[in-house]
Amino acid sequence: MQKKAGPLFYVFLFLFVFVVMFPFLWMLITSIKPMSELFGEKAFMPFTDNPTFKNYASVFLDYPFLNYLWNSFVVASITTIYTVFVASFAAYAIARLNFKGKPIILGIVLSVSMFPQIATISPIYIILKNLGLTNSYLGLIIPYTTITLPLSIWILVTFFRKIPFDLEEAARMDGASLLQTYWRVILPLAVPGIFTTAILVFIAAWNEFLFALTINTAEKYKTVPVGIAMFQGQYTIPWGEISAATVVVTIPLVIMVLFFQRRIVSGLTSGSVKE
Amino acid sequence: MNDLETSRQSEIPQTKPSKPKKPKRQLSERTIGYLLVSPALILIFAIAIWPVLQSFYFSLFDLRLNDPTKSSVNLNYSIDLDRYLSNYPFLIGGIESEIRNGNAVDELEEVKEKLQTLNQQIQTDPGAAEKYEAVNEKLNNFERVPDHLKLVEIEQQTSQNYLETIKGIQKDLDALRGQNEFKNIDKIVGLSNGLDDAIIKPNFIGFEHYQNNLTDKRMWKALANTVTFTVISVFIELVIGLAIALLINKAFFGRGLIRASILIPWAIPTAVSALMWRYLYDGQNGIIAKIFAEVGLVDEMSSLLTTSTGAMFSVIFTDVWKTIPYMALLILAGLQTIPKSLYEAAAIDGANKWKQFITITLPLLKTSILVALLFRTLDAFRVFDLIFVLTGGGPANSTETISILAYTVMFSQTNFGEGSALSVIVFICVAIISAIFIKLLGSELIKDGSAK
């Protein structure tokens, strides 16, 4: 298409990015405003004369925010590691091996990824409650599989299919068994794809809300999204602290997205584009 | 390569004479394929498919978690021995002590006799006899009674007899209460009421929840809200997303930065961004509310979150902000697979930009757009966290979607049966939507690429 981008294009681009980023920038400003400037006319000022870090201190000292971060981190990491591990085998088999019923299996995976979470929550809640797993890390890791496993199989299958078949055949000619071929030839080549999948699964698990809200209700086991959403002040909603907390969760994500944007995009679009 | 060679050598039998080599090689590709897929399939079945079936099963019962007689699925009559035996001996004891004090001796003797006959009946019930003893022993030792001992199925006849007897006793006691000076009458009546709850009736109600829901205005309102939200937000996202994808489908400086910045709304937890927007929409201090009011989009700042149209608009606006990047990226990826030569050829044939868009871009983008639409529509249809945090379904249920309603029924009203019925309705809607899209897409979505 059009090769060159004119100055007008950059103006448009700048405006677009500004609109997209505006809420974050505003939260950043709000988070360093002192309490008195959060209300009334001063609430609309795009700057402050008395910047303060009180809100940040309060987030970490008055709320168990570090604890929320840690919970989210533990749950999201374990979920990522175990789902990607299980999914990699399944995806390898679906993408590279010949056996009957592959379209059906892929169809099941795809339909499960479309399941509304609300449709699984009542039995999962009752089972976890009977097992005594509500308010525990395992209580979230188990149900997160419903979301993350189909997602990772779906993305990984696309990545595995892209690896040239010649390499595999060469390895087999040399007498490597199927599993050896997998470990020594396919897996090293699939590392970028696995990494991409892991990022997406991690984000999905980190952001999950419904299960976290219903299953882990104890303060000690709340995850970040639920924790922040339930921030309560004594009389009013503590917007100062909420904005500071929002900034704290957003910054690592911004860094991650900056580093891995290429991978994230390739993961998001895999499977949706014919190649 | 070295690794491969050593491994090949290790498979020659002479190098390891002692053990017969496992017949690894004889496993066919097919078997290995099924073996590798099975853990994932088992997990998917256990954690996703089975719970959906279970949800459907629950929806046929009057299941309420805060009511001990309805807190599980019961097809038959049963008796909670734990509850029964925690009440019965004390009731007898209480009655005996009143008798000893000489209060209404004859009447109470009669009540006591009825109770003992009943107790005899339970003890001799073929199902209950053994567990009766076991539970009694546990209770005497102040131990917790395990669930499998607690509940015993009994004949419908026995349980009806039981309930009638207890009713009769309660009536007798009530009648006596007015006439005599009892010491512990409140305790005795309390204990006899406790015996009522020991019988667990079957709570199977068939499709009653569905019947109720399908005639319930609130359910239809929630469904209508969900459809409104889904259709409007996905449509806007598609149009703007397509426009943005077309605009940024060219080489320009700072492309990575743009990509990263538009990914951020997508990457941030929905609950957190919903909360952020709640502040921006705030009737007194929200900057976006102020901007919208000054531009004339709303009459006054507060109407964004306090009127029903305002709230629906706010929710859709936030969803659009959050998911346009995702839409744009999916469409952009599709755009980049269209060969440039097609456009060049069209230009030579004299087709203008619009014609090129209609005849080349749109048809070739069909799959990408449909896939993006499919995922977005399903996501929008099951929307929960955005609305839960931003408006809570309010004001006056004007933004209550079907998932929010199901959640409220299940966890605020602890009515799991009805909530499950609602969640099954969500599931059926989602299934219909996907079926339509998959019909449109054909088999392209799950085509077997390995055959290439």
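Proteins come first, then strands; the chains are lettered A, B, ... in the order of their sequence lines, and each starts at number 1.
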Ignoring hydrogens and geometry, is there a side-chain-to-backbone donor-acceptor pair from B:Y34 to A:K100 under 3.5 Å?
yes

Is the backbone N or O of B:A267 less than 3.5 Å from a side-chain atom of A:N207, with the two atoms forming a donor-acceptor pair by type?
yes

Okay, B:I433 and chain A: the region with an atom under 4.5 Å from a heavy atom over there is neither

Residue pair A:I237 / B:Y279, side-chain heavy-atom distance below 4.5 Å
no

What part of B:M410 gets closer than 4.5 Å to chain A, counting heavy atoms only: side chain, backbone, both or neither?
side chain

In terms of heavy-atom pairs under 4.5 Å, which option from A:T246, A:I126, A:I153, A:V249 contacts chain B the most?
A:I126

Interface moiety of A:M230 toward chain B, non-hydrogen atoms closer than 4.5 Å:
side chain

Identify which part of A:L258 has an atom lying under 4.5 Å from any heavy atom of chain B, answering side chain, backbone, both or neither.
both

Looking at A:P23, A:A229, A:S88, which makes the most heavy-atom pairs under 4.5 Å with chain B?
A:P23

CD1/B:I248 to CZ/A:F9 distance, rounded to the nearest 0.5 angstrom?
7.0 Å

Identify which part of A:T145 has an atom lying under 4.5 Å from any heavy atom of chain B, answering side chain, backbone, both or neither.
side chain

With a 4.5 angstrom heavy-atom cut-off, could you sort out which part of B:E29 is near chain A: side chain, backbone, both or neither?
both

Of the backbone (N, CA, C, O) and the side chain (C-beta and beyond), which part of A:T30 lies under 4.5 Å from a heavy atom of chain B, both, or neither?
side chain

Below 4.5 Å from any heavy atom of chain B, which atoms of A:V257 appear? Answer side chain, backbone, both or neither.
both

Okay, B:F427 and chain A: the region with an atom under 4.5 Å from a heavy atom over there is both

Please classify the contact of A:F260 with chain B as side chain, backbone, both or neither, using a heavy-atom distance under 4.5 Å.
neither

Looking at every heavy atom in both B:S55 and A:A119, which two are closest together, and how far apart are they?
OG-O, 2.6 Å

Among B:Q54, B:R278, B:K322, B:Q336, which residue forms the greatest number of heavy-atom pairs with chain A at distances under 4.5 Å?
B:R278

Of all heavy-atom pairs linking A:I118 and B:S403, the shortest is CD1-O, 3.5 Å

Non-hydrogen atoms of chain B under 4.5 Å away: do they reach the side chain of A:Y82, the backbone, both or neither?
side chain

Check each atom of A:F160 against the heavy atoms of chain B and say whether the ones under 4.5 Å are side chain, backbone, both or neither.
neither

Can you confirm whether B:I288 sits close enough to A:W26 that some side-chain heavy atom of one is under 4.5 Å from a side-chain heavy atom of the other?
no

Below 4.5 Å, heavy-atom pairs only: which of A:V157, A:V19, A:I105 has the largest tally toward chain B?
A:I105

When heavy-atom pairs shorter than 4.5 Å are enumerated against chain A, which of B:L329, B:I264, B:I324 gives the highest number?
B:I264

Heavy-atom closest pair (A:W239 atom, B:L275 atom, distance to 0.1 Å) is CZ3-O, 3.6 Å

Interchain contact, B:L63 with chain A, by part (heavy-atom threshold 4.5 Å)
side chain

Those residues of residues 38-47 of chain B, ordered by number, that approach chain A below 4.5 Å (heavy atom to heavy atom)
B:P39, B:A40, B:L41, B:L43, B:I44, B:I47

A:Y10 side, atom OH; B:I258 side, atom CD1 - distance, nearest 0.5 Å:
9.0 Å

If you count heavy-atom pairs within less than 4.5 Å of chain A, which of B:S273, B:G286, B:A406 leads?
B:G286

A:V226 versus chain B, the contacting section by heavy-atom distance below 4.5 Å
neither

In terms of heavy-atom contacts, B:A271 and A:F209 come closest through CB-CD1, 3.4 Å

Pair count under 4.5 Å, heavy atoms only, with chain B: among A:A204, A:P225, A:P116, highest is A:P116

Measuring heavy-atom distances to chain B, does A:F259 have an atom under 4.5 Å in its side chain, in its backbone, in both, or in neither?
neither

Choice from B:L332, B:L280, B:D379 maximising heavy atom contacts with chain A below 4.5 Å:
B:L280

Which bit of A:Y92 comes within less than 4.5 Å of chain B, counting heavy atoms only: side chain, backbone, both or neither?
side chain

Among A:S122, A:A93, A:A245, which residue has the highest count of heavy-atom pairs closer than 4.5 Å to chain B?
A:S122

So what's closer than 4.5 Å to chain B heavy atoms on A:I142: side chain, backbone, both or neither?
both

Chain A heavy atoms under 4.5 Å from B:Y57: which part of the residue, side chain, backbone, both or neither?
neither

List the atom of A:S113, the atom of B:R382, and the distance in Å for their closest heavy-atom pair.
O-NH1, 3.6 Å

How many angstroms lie between atom CG of B:L36 and atom CZ of A:R96, to the nearest 0.5 angstrom?
13.5 Å

A:I94 versus B:V37: any side-chain heavy-atom pair under 4.5 Å?
yes

Give, as side chain, backbone, both or neither, the part of B:V430 having an atom under 4.5 angstrom from any heavy atom of chain A.
side chain

Answer key: most heavy-atom pairs under 4.5 Å with chain A among B:L247, B:L53, B:L378 is B:L247

Mind ranking A:I127, A:I121, A:V17, A:T214 by heavy-atom pairs under 4.5 Å with chain B and telling me who comes out on top?
A:T214

Under 4.5 Å heavy-atom distance to chain A, tell me which part of B:F411 shows up: side chain, backbone, both or neither.
side chain

Rounded to the nearest 0.5 Å, what separates atom CD1 in B:I244 from atom CG in A:L13?
10.0 Å

Work out which heavy atom in A:V20 is nearest to a heavy atom in B:W321; give both atom names and the distance.
O-NE1, 3.0 Å

Between A:I228 and chain B, with a heavy-atom cut-off of 4.5 Å, which part of the residue counts as in contact: side chain, backbone, both or neither?
both

Below 4.5 Å, heavy atoms only, C-beta onward: do B:L65 and A:Y125 meet side chain to side chain?
yes

Region of A:I147 in contact with chain B, defined by heavy-atom distances below 4.5 Å
neither

